[in-house]
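Structure, as C-alpha cells:
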Amino acid sequence: QIQKAVAINPDIIVVALGINDALSERSLVEAKADALYTYNTLRTGAPSAKIIYASQIFWDITHKPLATSLLNREVVPFLFQLQTSGFLSGSYCSSILTDAASTTGHAIIAKWKELDTYIKSLPTIDESFNLDGYKVARLGLLGEDFVHPSQDGSKFLAGQVLKAFLTLSSLSTLTASLRTPIFPNW
C-alpha cells in the first residue's frame with residue numbers, strides 16, 4: 001500500500017495507526033520498527049509531500065491525559081473490564097461504567113502511548129493531530145465489533161481530518177481552497 005500511495009505523487013499523506021493494527025500481536029519493538037519503515041519509505045518515495053500522523057486516541061484524553069487509573073467509562077468498549085459472573089457476565093451495560101478498565105486495556109494504552117510518542121518524534125513527520133476514537137465510542141458511532149467505527153463514525157472521523165487540514169500550519173497553503181463557505185465549520 002505504501003508504494004501505491006507514493007505512486008500517485010500526493011501533496012499530503014495522512015497515516016493513522018490503530019491500536020489493534022499496531023499492537024495486537026506485535027511487540028512494541030516490532031511496532032516501532034514497522035512505524036519507522038512506514039514513515040521512512042513514505043518520505044523516500046514522496047520527498048515533497050507533507051506527511052501527517054493521525055494519532056488515534058482510545059481513552060478520555062480531556063479528563064485523563066495521562067491515561068492512568070482508567071474506568072470503563074473512560075475507555076473504548078474493547079478495553080472494558082467485563083463482569084465474569086452473574087446475570088451481567090460478559091455484558092456491556094451502564095452498571096459496569098464505574099468499574100476499572102481491564103488490566104489488558106491499561107497495558108495496551110501504555111504501549112500505545114510509548115509508540116505514539118515515538119512516532120511523533122520521527123523526523124519524517126511534518127505534523128500530527130489527534131483522531132479521537134474515544135468520542136466516536138461515546139457518541140455510539142462504533143460498529144458491531146465495538147472496535148471499528150460505523151459508517152457514521154467514519155464520517156465523524158473524516159470531519160476531524162478536515163478540521164486538521166484547516167488548522168495544521170504545515171498544510172495552510174495546500175488546503176486554502178477548503179476554507180470556503182462550501183465546507184461548514186466542524
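Side-chain atoms are counted along with the backbone in the values below, which use heavy atoms only and exclude waters and symmetry mates.
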Would you compute the distance between atom OH of Tyr37 and atom CG of Leu42 and round it to the nearest 0.5 angstrom? 9.5 Å
List the atom of Ala5, the atom of Ile8, and the distance in Å for their closest heavy-atom pair. O-CG1, 3.1 Å
Hey, what do you get for CD1 (Ile109) to CD (Glu74), rounding to the nearest 0.5 Å? 10.0 Å
Does Leu71 share a hydrophobic cluster with Leu82, counting links as ILVMFWY side-chain heavy atoms below 4.5 Å and allowing steps through other members? no
For the residue pair Ser102 and Val75, establish whether any side-chain heavy-atom pair is separated by less than 4.5 Å. no
Can you find a pair of side-chain heavy atoms, one from Leu141 and one from Lys135, that are under 4.5 Å apart? no
Salt bridge flag under 4.0 Å for residues Lys32 and Glu114: yes
With no hydrogens and no angle check, is any side-chain donor or acceptor of Asp126 less than 3.5 Å from a backbone partner on Ile51? yes
Hey, what's the ring geometry for Phe78 with Phe58, parallel, tilted or perpendicular (30° and 60° as the breaks)? perpendicular
Mind checking whether Val136 and Leu157 have side chains closer than 4.5 Å, heavy atoms only? yes
Quick one: do Gln81 and Ile96 satisfy side-chain contact (heavy atoms from CB on, under 4.5 Å)? Show the steps, please. CA-CA 8 Å; Gln81 177 65 54; Ile96 66 168; over 6 Å; no
With side chains defined as the heavy atoms from C-beta onward, is the minimum distance between Tyr134 and Lys64 less than 4.5 Å? no
Heavy-atom pair with the smallest gap, counting every atom of Gly133 and Val76: O-CG1, 3.9 Å
Going by heavy atoms in the side chains, are Ile12 and Phe165 under 4.5 Å from each other? yes
Ser94 side, atom OG; Asn72 side, atom CG - distance, nearest 0.5 Å: 11.5 Å
Could you give the distance from CD1 (Ile61) to CG (Leu66), rounded to the nearest 0.5 Å? 9.5 Å
Would you call Asp99 and Gln83 a side-chain contact if the rule is heavy atoms closer than 4.5 Å? yes
Working to the nearest 0.5 Å, report the span between CZ of Phe129 and CD1 of Ile57. 10.5 Å
Quick check: do Ile125 and Lys120 have side-chain heavy atoms less than 4.5 Å from each other? no
Would you say Phe146 and Phe80 make side-chain contact, with heavy atoms under 4.5 Å? no
To the nearest 0.5 angstrom, please state how far the CD atom of Gln160 sits from the CD atom of Gln56. 10.0 Å
Tell me whether Leu88 shares a hydrophobic cluster with Tyr92, the cluster being built from Ile, Leu, Val, Met, Phe, Trp, Tyr side chains joined at under 4.5 Å. no
Could you go through the side-chain contact (heavy atoms from CB on, under 4.5 Å) check for Ser170 and Ile52 one step at a time? CA-CA 9 Å; Ser170 67; Ile52 308 300; 3.8 Å; yes
Between Leu79 and Ala101, the two heavy atoms sitting closest are O-CB, 3.8 Å
Sidechain-backbone polar pair: Ser121 side chain, Tyr118 backbone, donor-acceptor under 3.5 Å: yes
Check whether any side-chain N or O of Ser55 sits under 3.5 Å from a backbone N or O of Asn130 as a donor-acceptor pair, and report yes or no. no
